[in-house]
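Since the structure is predicted, the reported quantities are computational estimates derived from the model, not experimental observations. Letters A, B, ... are given to chains in the order of the sequence lines, protein chains preceding strands, and every chain is numbered from 1.
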2 protein chains.
Amino acid sequence: MGKPTISDVARLAGVSTATVSRALTGSLPVREHVKEQVQAAADSLGYAANSIARALRQERTTNVGMIVPDLSNPFFTLLVEGVEHRLQDLQISLLLCSSHGDVTIEAERLRSLQRSQVEVVLISPTHEFESAHALKTIARTVPLIQIDQFADGVETDWVGLDDALAMRTLIQHVVERGARTAAYIGGSATDSSARSRLDAARAECLRQGVALDEQNVLLGSVTIAGGEAASQRLSESGALPDVVICGADVIAYGVLQGFDRLGIKVPADVMVTGFDDIAFSALTRLSLTTIRQPIDAIAEAAVSVVQNLMGDAPPRPPHRSVLQPELIVRDSTNRVA
Amino acid sequence: MGKPTISDVARLAGVSTATVSRALTGSLPVREHVKEQVQAAADSLGYAANSIARALRQERTTNVGMIVPDLSNPFFTLLVEGVEHRLQDLQISLLLCSSHGDVTIEAERLRSLQRSQVEVVLISPTHEFESAHALKTIARTVPLIQIDQFADGVETDWVGLDDALAMRTLIQHVVERGARTAAYIGGSATDSSARSRLDAARAECLRQGVALDEQNVLLGSVTIAGGEAASQRLSESGALPDVVICGADVIAYGVLQGFDRLGIKVPADVMVTGFDDIAFSALTRLSLTTIRQPIDAIAEAAVSVVQNLMGDAPPRPPHRSVLQPELIVRDSTNRVA
DNA sequence: GAGAACAATGTAATCGATTACAGACAGAAT
DNA sequence: ATTCTGTCTGTAATCGATTACATTGTTCTC
C-alpha cells in the first residue's frame, strides 16, 4: 500500500478530487462543512500532496538550485546558510551542489538542475573562462544568478563585493603600517574573484607605491594547505616582503601556520592579511586583519533576485549588486610604521 | 516557447516518443541509426528530459533530503560536503535544509521533504525528545537515517560516534595530565549527542576519580559565543577546575577566547578540550586538544545506507553504525602532571 | 515455404495533481 | 414565474515522461 493520493481523500470525504484540491489549497472557495470534511479525511489518511504531480501540472516547481565550488570554505557555507534560511521563509527548497572546483562536475550539476526544473540557479562559477560555455547554455532555459564570482561574458544577475575598493582600503592600511613591498597569495587566477582581487591588488600596489614583484605572486588552491605551501615557497625565495596579502582567509590561516612553523614572526617580521572575515579569523594564533564580506547581505540580495525572478514581475535586464567591503584590523598587521 | 519536450524530439527525428525514450535512456534496444537520429534531434533542440514527469511516472525520484541543525558549525557542513560528494557519484541530488535548532522548523522541513517525494531523509535531529513525534510520523512513509544525534524512541538507521569511548579516552588523557576536578560546557542537554556526551563525561569522571561538580556543568548554545559566555560564568563562580571539557570544538573556541580576555592562562591555569576536530582547531591561539570525529567515514556510512535503501535489496531492520573516535592531543592540555 | 522466435517500433494507458469547462442550485431582480 | 447572477461542485483534459501491450518485420528452423 503506497502513500494516500488525492483520490483516496476524495473517496473518503465523498467529494470529487477537484473539490479536495480546492479545499486544501484554497484556490477556489469551498463550503465550510465540506472543507472540514476534506481536511478531516486528509488528516486521518496522513495525506500529503505530491509536489511532483503538482509541479508537472503547474509547470513550475518551488525549487532553486545552488552550486558552490567548495563546501569546506566557511565563506561558501555561510552563504549557503544565509540563502537557505531566506528561501525557507518563501517556502522554496534548495538543491545544493558542490562543483569541487571542477568545471566538468559543474557542467554536469547544471544539467541535473536543469532537468529538475529548478526555477532559478544560484552559482559561484568555479572558472572564469571554462565555466562560461556551460553557463551560457543553461542560461537560455533557466534564470541564473552569479554570486561572488562570475564567468566571462555570461550576462546574468550578479551579487558580490567591490573587490577594487576592498583592496584599496586594505593596501592603504598596510601602507600606513609601513609596508613598501608585498607578496600576494591567492587562488589560481582562473576563478574570477581570485583574478579580480589580484588585479585590484596589483593596481593598488602600483598606485600606492608598494612593490609587488611578479615572483612574489603565488597562486594555488584556496585552502589552509594551499596557504601553508605558498608560505613555504615564499620563505625559500629570499627576502620576505613587508606584507603578505592573501586572497581568502583560509589561505591566510595556512600562511600564519606556515610562518609559525618556520619561526617567522607575524607581524614583526612580516604582516599578513586575509579576505572574507569568517568567524575563526578572530581566533587564530595571531588574529587576522582582513576584509569583511557582508555575507548575509549577499545572501539577502541574491534571494531578493530569486524572488523577483520567480514572481510574475516583467523580465528586466541583468543587474549587478555591488556590496561594500569593510576593513577589520587585527593583530596580523599590528605594527607601528 | 517553452522548453522542448520528448514529443518535439520525436517529431524532429520522425519516430514515436516511446522510441525517443528508449533511445535516450537505453531502457530497451533501438537500432543504431535511429538512436543516432534521435540523439542528433535531441542535441539540436537542446532537449533535457523533464525529471518531474519521469519521477511521476516511475513513482520514484533521485532526490534525498538532509536536515541539519546548524550550517555555521563546520562539523555539519563537512558532513554535508561528504554526503553531497558521494551522492553525486550515485547521480542523486541533495535537498538541503537547516532546522536552525528549532523543532517547529524541523517538522515543517520534514513535511516539505515528504511532499517532494525524496527517497530517503538524512537527519541530525535537533531535540532528543521534541523531535521524536515528527520523526516518527514521517518515518512511516519515508526511510530515515539519523546521523550523529538521534531522537528518543525513533527506530531508524543511525550513524555516529561512540561517545562513551571518546569521553573515556579524553578523560584518561587529562587525568594523566594531572586533572582532579573538571567542568563541562556543552549544548543544552536536549539534543541527544549533547546529552550522551555529558552522560559519558559524568560516568567517566566518576569512574576515574575526577570531581565534576554539578554547578560546573554549563549548558548553552553550540556556538563560539555560547562557549565564551560559559567561560565567563565559570570564572565568576570561584575556583577554576583543572580542566574544562567542551562538548564541541566551536564551544571550546569561545572558551579559549573568553579565558584569553580574562587573562586566564591555558593550559597553565586550566586545561581545555574540544570535541569534533574541525580544521581550525589546529590554528587557534592555543591549539586545541580534541576528539576527532571521522566525519568522512560518517558520511560514507550514511550514504552506503542510502544506497541500500534505494536499491531493491530486501528491507532489513534498522542498523546502528558506531564509529571510533580518535584523541588528538595539542597545546590546550599540554601540561606536565 | 510455413511457422516460431525474436527484435524493433508504435499506440495508448498511466503516474497524481490542477484547472478549463460545464452543470446544478440558490437567491435576487424583473 | 422567469431570467439572471453568483457560488459551489463535478467531469474530464492536461502536464511530459515511461511502459504495458499490440504490431510489424526479420531471421531461423525444419
For atom CZ of B:R11 and atom C1' of C:dG10, their distance in whole Å: 16 Å

Sequence neighbours excluded and cut-off under 3.5 Å, please list the side-chain donor-acceptor pairs for residues 26-44 of chain B, or say none.
from, atom 1, to, atom 2, distance (Å)
B:S27, OG, B:T25, OG1, 3.3
B:S44, OG, B:A41, O, 3.2

Between P of C:dG27 and CZ of A:R31, the distance in whole Å: 11 Å

Between protein and nucleotides 18-22 of chain C, what N or O pairs are separated by less than 3.5 Å?
from, atom 1, to, atom 2, distance (Å)
C:dT18, OP1, A:R54, NE, 2.7
C:dT18, OP1, A:R54, NH2, 2.8
C:dT18, OP2, A:S21, OG, 2.5
C:dT18, O2, A:R57, NH1, 2.6

Closest to the B:S16 side chain: D:dT9, C:dG16, C:dG10? C:dG10

To the nearest Å, give me how far apart NZ (B:K3) and P (D:dA17) are. 11 Å

B:Q37 CD to C:dA8 P, in whole Å, measures 16 Å

Do B:Q88 and A:R109 have side chains that get closer than 4.5 Å, going by heavy atoms? yes

Expressed in angstrom and rounded to an integer, what is the separation of A:R60 atom CZ from C:dA17 atom C1'? 15 Å

CD of A:E59 versus P of D:dC15: gap in Å, rounded? 7 Å

What is the distance from CD of B:Q114 to P of C:dG16, rounded to the nearest Å? 15 Å

A quick test of your reading: do over 12 heavy atoms of other residues, nucleotides or ligands sit less than 6.0 Å from CZ of B:R60? no

Is B:T17 reaching over with its side chain to a backbone N or O of B:S7, donor-acceptor style, under 3.5 angstrom? no

Does A:T5 have a side-chain nitrogen or oxygen under 4.0 Å from the phosphate oxygens OP1 or OP2 of C:dG16? no

Nearest heavy atom decides the nucleotide; on that basis, is A:G14 or B:S7 closer to the 5' end of DNA chain D? A:G14

So how far off straight is the helix from C:dG1-D:dC30 to C:dT30-D:dA1, going by the axes through five pairs at either end, to 10°? 50°

